[in-house]
Protein chains: 2
Amino acid sequence: MPVTGRPVSEIVRELPEPPGLPDPLPEPAAEDIRLERVMAALSDPLRLFIVRKLLLDREEFDHPCGWFGLDRPKSSLTHHFRALRDAGVIRQRQYGLERRSHVRVNDLDARFPGLVEMIAAWSPRED
Amino acid sequence: MPVTGRPVSEIVRELPEPPGLPDPLPEPAAEDIRLERVMAALSDPLRLFIVRKLLLDREEFDHPCGWFGLDRPKSSLTHHFRALRDAGVIRQRQYGLERRSHVRVNDLDARFPGLVEMIAAWSPRED
DNA sequence: TGCTAAGTTCGACTCAACTCGTACAAGCCT
DNA sequence: AGGCTTGTACGAGTTGAGTCGAACTTAGCA
């Protein structure tokens, strides 16, 4: 995975919200995020890839599905992005045709201190 | 869950191994522990309970299955303890009839800094 | 010797999750 | 209007995980 080399201290600080965003899609409130569900969401390699790319290769505030370069059917991607959103890991907004996502760094850090930073610092094995 | 109130700084420091222990049961080497598998192991509420109790209510170096007070069939417990051991979360040793477990704090902390501390600090919701 | 206790192994059942094709909806553009 | 793009909804097939009962193994002990 390409990595920009941004320091971890910057990764765990969520970008400020640009003004005039669409409303977020339905998601759990920060206090309703469950560790078991977050763990289950992050136990899938594809979803872990998505979250890591959002953290490490972030270019904008929000990113559409196409930006990830995932070679999977669209219905599979819908499934995985929804799993991440339902668990409270990402927030999604509808921009016209596109549905863009970012990691809920502030909410995750408030509930589970150190989790986002650990994921950002972790390097997946090659084999 | 009862909690002894030990400081987190003590929790993330694994107890020193007493001398004369039996060999550990087969387990992945520290460098082979996979984050996806650890996440999957911790996505089950019962296993999260086991790990938290091992971290927070520890009384000895190793604890047998009976110590946890889990009201499940023995074959179910075998399944869950094995899932934790296969993922590299706990180490198990055979003491006569008993199979005792402890969390591999040092190995987990080396691979995924902050994970154990986050789990120890986290409080499950009541509902 | 034989009982008991701790835990395993095996097989069966259930259920949730992953995968994907197909059909559909909703914007954007010419 | 018509076509293109982004993504959803639904359904089906498959796989894997959790659950448990029943039979077995092993160690300790009376």
Side-chain angles (χ1 to χ4, degrees), chain A residues 20-27 34-51 54 60-102, chain B residues 20-27 34 36-51 53-54 59-60 62-102:
Chain A
L21 294 181
D23 284 340
L25 299 184
E27 66 181 18
R34 306 242 178 179
L35 183 54
E36 311 92 291
R37 303 211 53 202
V38 171
M39 294 291 193
L42 297 177
S43 69
D44 182 278
L46 184 65
R47 292 196 291 256
L48 207 44
F49 176 91
I50 289 170
V51 171
L54 276 177
E60 310 278 344
F61 179 72
D62 264 344
H63 292 90
C65 293
W67 174 76
F68 296 87
L70 300 169
D71 188 22
R72 301 284 185 102
K74 292 187 293 178
S75 54
S76 295
L77 299 185
T78 297
H79 169 75
H80 287 295
F81 278 92
R82 183 182 176 96
L84 287 170
R85 177 162 58 88
D86 285 351
V89 177
I90 65 172
R91 172 166 296 147
Q92 291 187 289
R93 286 184 162 90
Q94 192 83 33
Y95 294 70
L97 274 181
E98 288 176 343
R99 187 164 286 198
R100 300 188 199 162
S101 310
H102 68 272
Chain B
L21 294 181
D23 284 339
L25 299 185
E27 65 180 19
R34 306 240 177 181
E36 311 92 292
R37 302 212 53 203
V38 171
M39 294 290 194
L42 297 177
S43 69
D44 183 278
L46 183 66
R47 293 197 291 258
L48 208 43
F49 176 91
I50 289 170
V51 170
K53 187 164 177 71
L54 276 177
E59 296 163 351
E60 308 278 344
D62 264 344
H63 292 90
C65 293
W67 174 75
F68 296 88
L70 299 169
D71 187 22
R72 302 284 185 101
K74 291 187 292 178
S75 53
S76 295
L77 298 185
T78 297
H79 169 75
H80 288 294
F81 279 92
R82 183 183 176 97
L84 287 169
R85 176 162 57 88
D86 285 349
V89 177
I90 65 172
R91 173 165 296 147
Q92 291 187 288
R93 286 184 163 90
Q94 192 84 32
Y95 293 72
L97 274 181
E98 287 177 343
R99 186 164 286 198
R100 301 188 197 160
S101 310
H102 67 273

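Below, chain A is the first sequence line, B the second, and so on; all start at residue 1. Side-chain atoms are counted along with the backbone in the values below, which use heavy atoms only and exclude waters and symmetry mates. As the structure is a prediction and not an experimental result, all values here were calculated from the model.
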* Contact class for A/Arg100 vs. all strands (heavy atom < 4.0 Å): base, sugar-phosphate, or nothing? -> nothing
* Structure fact -> Tested for salt bridge (Lys or Arg N to Asp or Glu O under 4.0 Å) against A/Glu27, the lone hit among A/Arg91, A/Arg93, A/Arg85 is A/Arg91
* Asked: Which whole-number value in Å describes the distance from A/Leu77 CG to D/dT6 C1'?
  -> 11 Å
* Nucleotide D/dC24, atom P - distance to NZ of B/Lys74 in whole Å -> 14 Å
* Structure fact -> DNA chain C nearest-nucleotide lookup for B/Arg85 and A/Ala83: closer to the 5′ end is B/Arg85
* Asked: Can A/Val51 and A/Arg47 be said to form a side chain to side chain contact (heavy atoms under 4.5 Å, CB included), step by step?
  -> CA-CA 6 Å; A/Val51 171; A/Arg47 292 196 291 256; 5.6 Å; no
* To do: Please report, rounded to the nearest Å, how far the C1' atom of C/dC28 is from the OH atom of A/Tyr95.
  => 17 Å
* To do: Return yes when atom CD of A/Gln94 has more than 12 non-hydrogen atoms of other residues, nucleotides or ligands closer than 6.0 Å, and no otherwise.
  => yes
* **Length of the line joining B/Gln92:CD and C/dA6:C1', which is rounded to integer Å** => 13 Å
* Name the residue closer to the 5' end of DNA chain D, choosing between A/Cys65 and B/His79 according to the nucleotide with the nearest heavy atom. => A/Cys65
* Is there a donor and acceptor pair closer than 3.5 Å between the side chain of A/Ser75 and the base of C/dG21? -> yes
* Structure fact -> note: B/Ile50, atom CD1; D/dG18, atom P; distance rounded to Å ~ 11 Å
* **5' priority, DNA chain C, between A/Leu97 and A/Ala40 [closest heavy atom]** => A/Ala40
* Asked: What do the steps show when you test B/Gln92 against B/Phe81 for side chain to side chain contact (heavy atoms under 4.5 Å, CB included), and what is the final call?
  -> CA-CA 9 Å; B/Gln92 291 187 288; B/Phe81 279 92; 3.6 Å; yes
* Round to the nearest Å and state the distance from A/Phe81 atom CZ to D/dG7 atom C1'. => 11 Å
* Would you mind telling me which of D/dT26, C/dG7, D/dT8 lies closest to the side-chain atoms of A/Arg99? => D/dT8
* Indicate whether any N or O donor in one side chain lies under 3.5 Å from an N or O acceptor in the other, for B/Glu59 and B/Trp67. => yes
* Would you say the side chain of B/Ser76 and the base of D/dG18 hold a donor-acceptor pair, judged only by whether the two atoms sit under 3.5 Å apart? -> no
* Protein-nucleotide distance (B/Arg93, atom CZ; D/dA27, atom P), rounded to Å -> 18 Å
* To do: Report yes if a side-chain nitrogen or oxygen of A/Arg82 is closer than 4.0 Å to either non-bridging phosphate oxygen (OP1 or OP2) of D/dT8; otherwise report no.
  => no
* Phosphate-side-chain proximity, B/His80 and D/dT19, N/O vs OP1/OP2 below 4.0 Å -> yes
* Length of the CH2-P vector between B/Trp67 and C/dG7, whole Å -> 13 Å
* Out of D/dG18, D/dT8, D/dT5, which nucleotide sits closest to the side chain of B/Arg47? -> D/dG18
* Structure fact -> Among the nucleotides C/dG27, D/dG7, C/dA6, whichever has the atom closest to the side chain of B/Glu98 is C/dA6
